[in-house]
Amino acid sequence: MIDIELLRSDRARVEENLGRRRNPALLRLVAEVFEEDVAWRATVQEADRVRAQRNTLGQRIAAARKAGETTDALLAESKALPEALKEVERREAELRRSRDQHLARIPNLLDPSVPYGKDDTENVVVATWGSRGTVGAAKRPHGEALEELGWADFERARRASGAGFYYLEGPLVLLDLSLQRFALDFLVERGFTPVVPPFMLRREPYEAVTDLNDFESVMYKVEGEDVYLIATSEHPLAALYQGEILDEEAVPIRLAGLSVNFRREIGGHGVDQKGLFRVHQFSKVEQFVFCRPEDSPKIHEELRETAEEIFRRLEIPYRVVNVCTGDVGTIAAKKYDIEAWFPRQQAYREVVSCSNCTDYQARSLGIRLGRAGRPGKVVPHTLNSTAIATSRALVAIVEQHLQEDGRLEVPKVLRPYLGGREHLGPPRPRAHGAP
RNA sequence: GCUGAGGUAGCCUAGCCCGGCAAGGCGCCAGCCUUGAAAGCUGGUGGCGGCAACGCCACGGGAGUUCAAAUCUCCCCCUCAGCGCCA
């Protein structure tokens, strides 16, 4: 959430910033929070006065008892207080609940360098790498090709688990694992600590790290439990230090998350397309950083550079876009997307999302930065970026490196993880019949 | 799943039986002392509201009883240990 202190002290600045998101409802939300906060503070003072009265009387009763004096008059005076207090507390709690609920829906303040625009068509390309022209164009959609090779089974997965799921089989499993291992090693070299987080997260920390709308459209809820399947390791990594004070000497903390991610993908383009591009379940290596507020812009660029380098080493052409104000999302103050070139689709499609969330997540999680027992604590910044989401990377690799003879040329950097093999395949007959 | 023990400030612990201003230790900060440091001594060290004086809150969460709840009652959550089950 944003800092309500900022809203109190400089409402105009908050409104100006949120106005860039081109969503008039946000300004109404700000006005609502502002007014509820003023009213709430008034009731807090009201309640405090009643409590102070109660405390004073209580102490006088105790003192009178001790002195052996009569307490009838004091008791009579106290009688009415609990009811009055209960009434004020009810109003106070209601105002606070409502204010907090509205406050939680105010998105993060945008960095000034985020381009102004209405949607993803107005994102600004800031870098491109690799040649679109020289890549070999696969003839068919990757999903069909993989099924024919016996490297993935979408039909049986549909039968067993539903649309959007898949069985990875044979060499593709090894390729998937080699991508994960390559990305992890790459990050470890750069000072990241590998972390496999829980794949389920409770509602409370989840609300602190994600857009509240995601609970309806993105997350799978486990029935009968207060947990959700994670949509990315970013979320449990952010929650790792929930409620804690991070030592200012210990940051930046760089974590390399490895997890399977689960997404319902309701709305949008759905999962109707056969293949691995948009699926309910995929593996991802994620960069995540806790840092001092003043360091986050620089580290954001580092995360982006690291993600770019991974795609360069995989020899996958890409471009980087600076995501515009209308498309940047609730949590991030600034976001780069890396879009890989998909030759069959003749299109750049998102493979990396690299965000500076500033203090938005950390404040909701109650994470502070400083020294225990010493004043002057601040809210740290959090950043996250994909290193590699294997599903989409596999699509890009298959589309670019699958040869006419059905063999897949392995990108050089992955060969050490595959026993030095330069090619995967050729296809062999499936061990089972048609579904 | 069963049984038991727990959850108190950044950390550790007391207080709970028997209701009456949440105590102590560690750590940290400042001052005194010192050539300097340590030790020692003194004072600080959380959150909310308030311009401030100050007030309020904070004992896992919630509800109840009471003039008054860390303390009594009820419900819930979490952690640990043992047992059970289990890859």
Side-chain angles (χ1 to χ4, degrees), chain A residues 1-11 33-104 196 198-208 221-228 236 239-251 253 260 290 359 362-380:
Chain A
M1 69 179 84
I2 65 163
D3 186 2
I4 195 165
E5 206 54 55
L6 186 62
L7 181 56
R8 286 172 186 162
S9 63
D10 198 352
R11 179 176 173 180
V33 171
F34 192 87
E35 281 153 27
E36 284 172 336
D37 184 54
V38 170
W40 173 74
R41 285 187 287 170
T43 53
V44 163
Q45 290 186 55
E46 209 179 317
D48 279 0
R49 275 196 299 275
V50 181
R51 288 196 200 99
Q53 207 179 337
R54 181 194 65 188
N55 291 346
T56 311
L57 282 169
Q59 283 159 33
R60 284 169 62 192
I61 290 168
R65 286 253 170 93
K66 201 172 267 182
E69 293 162 12
T70 174
T71 57
D72 291 358
L74 292 168
L75 285 175
E77 203 180 334
S78 301
K79 270 293 189 204
L81 289 180
E83 205 51 46
L85 183 60
K86 199 179 256 182
E87 196 277 326
V88 186
E89 282 180 334
R90 192 194 52 73
R91 279 188 286 131
E92 195 249 80
E94 171 56 27
L95 277 167
R96 191 184 52 218
R97 190 196 58 78
S98 181
R99 180 202 69 179
D100 289 349
Q101 207 170 61
H102 291 129
L103 180 64
V196 177
F199 291 2
M200 299 180 200
L201 201 57
R202 283 205 266 251
R203 174 97 189 195
E204 192 207 28
Y206 226 131
E207 282 185 347
K221 169 137 179 54
V222 176
E223 196 178 356
E225 305 271 337
D226 178 37
V227 289
Y228 294 78
L240 176 60
Y241 298 117
Q242 186 186 13
E244 294 188 36
I245 296 169
L246 301 180
D247 193 313
E248 57 199 4
E249 301 301 320
V251 294
I253 298 172
V260 180
F290 295 94
D359 59 6
R363 177 173 298 104
S364 304
L365 286 164
I367 302 173
R368 288 162 298 165
L369 188 62
R371 277 291 174 81
R374 196 194 289 178
K377 285 183 257 303
V378 297
V379 179

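Chain A is the first sequence line, chain B the second, and so forth, proteins listed ahead of strands; every chain is numbered from 1.
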Quiz item: Is A/Arg363 reaching over with its side chain to a backbone N or O of A/Met1, donor-acceptor style, under 3.5 angstrom?
Solution: yes

Practice problem: Just name whichever nucleotide pairs with B/C67, Watson-Crick or G-U, keeping both distances under 3.5 Å, else none. | Solution: B/G20

Quiz prompt | A/Ser98 side-chain N/O to A/Leu95 backbone N/O, donor-acceptor pair under 3.5 Å | solution = no

Self-check item: Nearest-angstrom distance, C1' atom, B/C11 to B/C59
Solution: 16 Å

Quiz prompt | Rounded distance (Å) that lies between atom P of B/A69 and atom NZ of A/Lys86 | solution = 12 Å

Quiz item: With rounding to whole Å, what would you report as the distance between B/U65 and B/C29 at their C1' atoms?
Solution: 44 Å

Quiz item: Is there a side-chain polar atom (N or O) of A/Arg54 under 4.0 Å from OP1 or OP2 of B/C57?
Solution: yes

Quiz item: On a whole-Å scale, what distance lies between the C1' atoms belonging to B/A68 and B/C76?
Solution: 26 Å

Quiz item: Is the CD atom of A/Glu204 crowded by more than 12 outside heavy atoms at less than 6.0 Å?
Solution: no

Quiz item: Rounding to a whole Å, what distance do you find between A/Glu204:CD and B/C76:P?
Solution: 20 Å

Practice problem: Would you mind classifying the nucleic acid contact of A/Arg96 as base, sugar-phosphate or nothing, using non-hydrogen atoms under 4.0 angstrom? | Solution: nothing

Exercise. For A/Leu85 and B/G55, give me the distance from atom CG to atom P, rounded to whole Å.
Key: 18 Å

Quiz item: Between B/A69 atom P and A/Ile61 atom CD1, what is the distance in whole Å?
Solution: 12 Å

Practice problem: Map A/Ala62 and A/Glu5 onto RNA chain B by nearest heavy atom, then report which one ends up closer to the 5' terminus. | Solution: A/Ala62

Exercise. Could you tell me the separation between the CG atom of A/Leu365 and the CG atom of A/Asp359, rounded to the nearest 0.5 Å?
Key: 11.5 Å

Quiz item: With respect to the phosphate group of B/G55, does any side-chain polar atom (N or O) of A/Arg51 fall under 4.0 Å of OP1 or OP2?
Solution: no

Quiz item: What is the distance from CZ of A/Arg97 to C1' of B/G61, rounded to the nearest Å?
Solution: 17 Å

Self-check item: Separation between the P atoms of B/C86 and B/C77, rounded to whole Å
Solution: 26 Å

Quiz item: Looking only at atom P, what distance separates B/A69 and B/C56, rounded to whole Å?
Solution: 14 Å

Practice problem: Please report, rounded to the nearest Å, how far the P atom of B/C48 is from the CH2 atom of A/Trp40. | Solution: 9 Å

Quiz item: Could you state the CG-P distance from A/Leu246 to B/C11, rounded to the nearest angstrom?
Solution: 13 Å

Quiz prompt | Integer-rounded Å distance: B/G47 C1' and A/Asp48 CG | solution = 12 Å

Quiz item: Now, which nucleotide makes the Watson-Crick or G-U wobble pair with B/G84, with each of the two distances under 3.5 Å?
Solution: none

Quiz item: Considering Watson-Crick and G-U wobble pairs with both distances under 3.5 Å, what does B/C56 pair with?
Solution: B/G47

Quiz item: Taking for each residue the nucleotide of RNA chain B bearing the nearest heavy atom, is the 5' side occupied by A/Ala47 or by A/Arg8?
Solution: A/Arg8

Quiz item: If you measure from the C1' atom in B/G25 to the same atom in B/U73, how many Å do you get, rounded?
Solution: 34 Å

Quiz prompt | Whole-angstrom distance between B/C67 and B/G19, as gauged at atom C1' | solution = 12 Å

Quiz prompt | Pairwise distance CG(A/Asp226) to NZ(A/Lys221) - rounded to 0.5 angstrom | solution = 5.5 Å

Quiz item: So what's B/A30 paired with, Watson-Crick or G-U wobble, going by both distances under 3.5 Å?
Solution: B/U42

Quiz item: Applying a 3.5 Å limit to both distances, which nucleotide forms a Watson-Crick or G-U wobble pair with B/A37?
Solution: none

Quiz prompt | For B/G6, the Watson-Crick or wobble partner whose two distances fall under 3.5 Å | solution = B/C78

Self-check item: Pairwise C1' distance for B/A38 and B/C51, with rounding to whole Å
Solution: 44 Å

Quiz item: For B/G20, does either OP1 or OP2 sit under 4.0 Å from a side-chain N or O belonging to A/Asn55?
Solution: no

Practice problem: Could you check which of B/A68, B/U65, B/G49 has an atom nearest any side-chain atom of A/Gln45? | Solution: B/G49

Practice problem: With side-chain contact (heavy atoms from CB on, under 4.5 Å) as the test, would you mind laying out the steps for A/Glu89 and A/Arg51 before giving the verdict? | Solution: CA-CA 10 Å; A/Glu89 282 180 334; A/Arg51 288 196 200 99; 3.2 Å; yes

Self-check item: Any donor-acceptor N/O pair, A/Thr56 side chain to A/Ala52 backbone, under 3.5 Å
Solution: yes

Quiz item: Taking the side chain of A/Pro82 as its heavy atoms from C-beta onward, which of B/C78, B/A68, B/C56 lies nearest to it?
Solution: B/A68

